[in-house]
> 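Quick one: structure below, then a few questions.
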Amino acid sequence: MTALPDWMAQVPLGAALDYAAVVVFALTGALVASRQQLDLVGFIFIAALTAVGGGTLRDLLIGRDTVFWVGNPTYVLIAASAAVVVFFTAHLLESRYRALLWLDAWALAVAVPAGVAVTMRLDHGPIIVLIMGVVTGTFGGLMRDVVCNEVPLVLKQGELYLTCAFAGAASALIANAAGLDRLTALLICGAVTFILRAGSLRFGWKLPVYKARPPRQY
């Protein structure tokens, strides 16, 4: 097997996942900005908000010494770069909304393992790991949609979203408890998250929703 380059081997797994999540979530934020016909500064703001929102909330809640992008502003530069690219290329897409949905699915499948990896590395218990995986995966997109006055994908009726993040984080915990190494557990986490989200988009997988019933007469 070919050895990883030195610079890749020196990047912690949680940081590598954060980088990947920032790139893909920034692209989704820029696509939403294009649907709102914002200017370039608006693109950068929405892309950065989406890219670092979930990770920021995660780091604040678990009390990390430094929020990940404050300690390394490269994350923000990457998000800004992604926004500039989309600003000049979004018009080439046949359906920006469809591209948004699938990019968001990939982002979710990377961000949930990122949250799980960081929280596990800090030796938090299973409940906190589960919650932080969900927070990291969902809150950036939620902030994006609320700020841009879009129906939040995380709460869209008839689609799996929060369920995907929850199931992915839970699968990582189960795999870890079964004795699998952390990398394998995180790969399983990402796979479960993406498969469920993709199945919801492609095949209409969903959970039963609450339906109001008339009150009983006693």
Side-chain angles (χ1 to χ4, degrees), residues 17-61 67-70 73-115 131-166 168 193-194 196-198 200-202 204 206 209:
L17 289 169
D18 272 335
Y19 275 116
V22 162
V23 171
V24 189
F25 263 134
L27 293 173
T28 72
L31 282 174
V32 172
S34 74
R35 286 165 51 82
Q36 298 295 324
Q37 297 183 315
L38 302 182
D39 59 24
L40 182 56
V41 175
F43 267 66
I44 293 173
F45 174 76
I46 298 300
L49 176 68
T50 311
V52 305
T56 299
L57 183 57
R58 171 201 69 207
D59 289 353
L60 292 173
L61 288 173
V67 173
F68 75 107
W69 61 268
V70 175
T74 303
Y75 290 106
V76 179
L77 295 177
I78 291 172
S81 300
V84 172
V85 170
V86 174
F87 183 82
F88 289 106
T89 61
H91 66 282
L92 301 175
L93 293 172
E94 182 177 348
S95 172
R96 278 175 285 173
Y97 186 67
R98 185 168 182 79
L100 166 65
L101 290 177
W102 284 101
L103 275 173
D104 192 85
W106 282 108
L108 186 68
V110 175
V112 174
I131 293 172
M132 290 304 109
V134 174
V135 165
T136 308
T138 61
F139 269 79
L142 179 60
M143 294 175 189
R144 171 199 68 207
D145 294 340
V146 169
V147 170
C148 290
N149 199 30
E150 297 252 346
V151 176
L153 291 177
V154 68
L155 298 175
K156 194 168 182 180
Q157 185 178 3
E159 290 186 8
L160 299 179
Y161 198 101
L162 275 172
T163 304
C164 305
F166 183 88
T193 303
F194 182 76
L196 288 177
R197 181 62 180 147
S200 182
L201 293 173
R202 182 68 179 83
K206 59 183 179 180
V209 297

> Can you tell me how far CZ of R98 sits from CG of L31, rounded to the nearest 0.5 angstrom?
14.0 Å
> Calculate, to the nearest 0.5 Å, the distance between atoms OG1 and CD1 belonging to T136 and I131 respectively.
11.5 Å
> Is the charged tip of R58 near the ring of F139: under 6.0 Å from the six-membered ring centre and within 45° of its axis?
no
> Using every non-hydrogen atom in the two residues, find where A79 and A26 come nearest and quote the distance to one decimal.
CA-CB, 3.7 Å
> Working note: Y161 + D104, criterion side chain to side chain contact (heavy atoms under 4.5 Å, CB included); need CA distance, chi angles, decisive distance, verdict.
CA-CA 10 Å; Y161 198 101; D104 192 85; 2.6 Å; yes
> Can you see which heavy atom on G137 is nearest to which on L108, and at what distance?
O-CD1, 3.2 Å
> Mark yes when over 12 heavy atoms from residues, nucleotides or ligands other than D39 sit less than 6.0 Å from its CG; otherwise mark no.
yes
> Heavy atoms only: give me the nearest T50-G29 pair and the separation to one decimal.
OG1-CA, 3.5 Å
> Can you tell me how far CG of L155 sits from CG of L142, rounded to the nearest 0.5 angstrom?
6.0 Å
> According to salt bridge (charged side-chain N to carboxylate O under 4.0 Å, His left out), who are the partners of R35, at least two apart in sequence or on a separate chain?
E150
> Please give me the minimum heavy-atom distance between A80 and I44, naming the atom from each residue.
CB-CG2, 3.9 Å
> Ignoring hydrogens, what is the shortest heavy-atom contact between A20 and V110? Give both atom names and the distance.
CB-CG1, 3.5 Å
> Taking R144 for its side chain and A47 for its backbone only, find out whether a donor-acceptor pair lies under 3.5 Å.
no
> Take K156 and D145, measure what salt bridge (Lys or Arg N to Asp or Glu O under 4.0 Å) needs, and give me the verdict at the end.
CA-CA 11 Å; K156 194 168 182 180; D145 294 340; over 6 Å; no
> Stepwise, does the side chain to side chain contact (heavy atoms under 4.5 Å, CB included) test hold for F68 with V22?
CA-CA 11 Å; F68 75 107; V22 162; 4.1 Å; yes
> Do the rings of Y19 and Y75 sit parallel, tilted or perpendicular, given the 30° and 60° boundaries?
parallel
> I would like to know whether L153 and L101 meet side chain to side chain contact (heavy atoms under 4.5 Å, CB included); could you show each step before the answer?
CA-CA 9 Å; L153 291 177; L101 290 177; 3.6 Å; yes
> Any idea which heavy atoms bring T193 and C164 closest together, and the distance?
OG1-O, 3.6 Å
> Out of curiosity, H91 NE2 to R96 CZ, how far, rounded to the nearest 0.5 Å?
10.0 Å
> Parallel, tilted or perpendicular: which describes the rings of F43 and F87, with under 30° parallel and over 60° perpendicular?
perpendicular
> Between atom CE of M132 and atom CG of L57, what is the distance when rounded to the nearest 0.5 Å?
7.0 Å
> When rounded to the nearest 0.5 angstrom, what distance separates CG in L160 from CG in L201?
9.0 Å
> Go through F25 and L103 one step at a time and tell me if the side chain to side chain contact (heavy atoms under 4.5 Å, CB included) criterion holds.
CA-CA 8 Å; F25 263 134; L103 275 173; over 6 Å; no
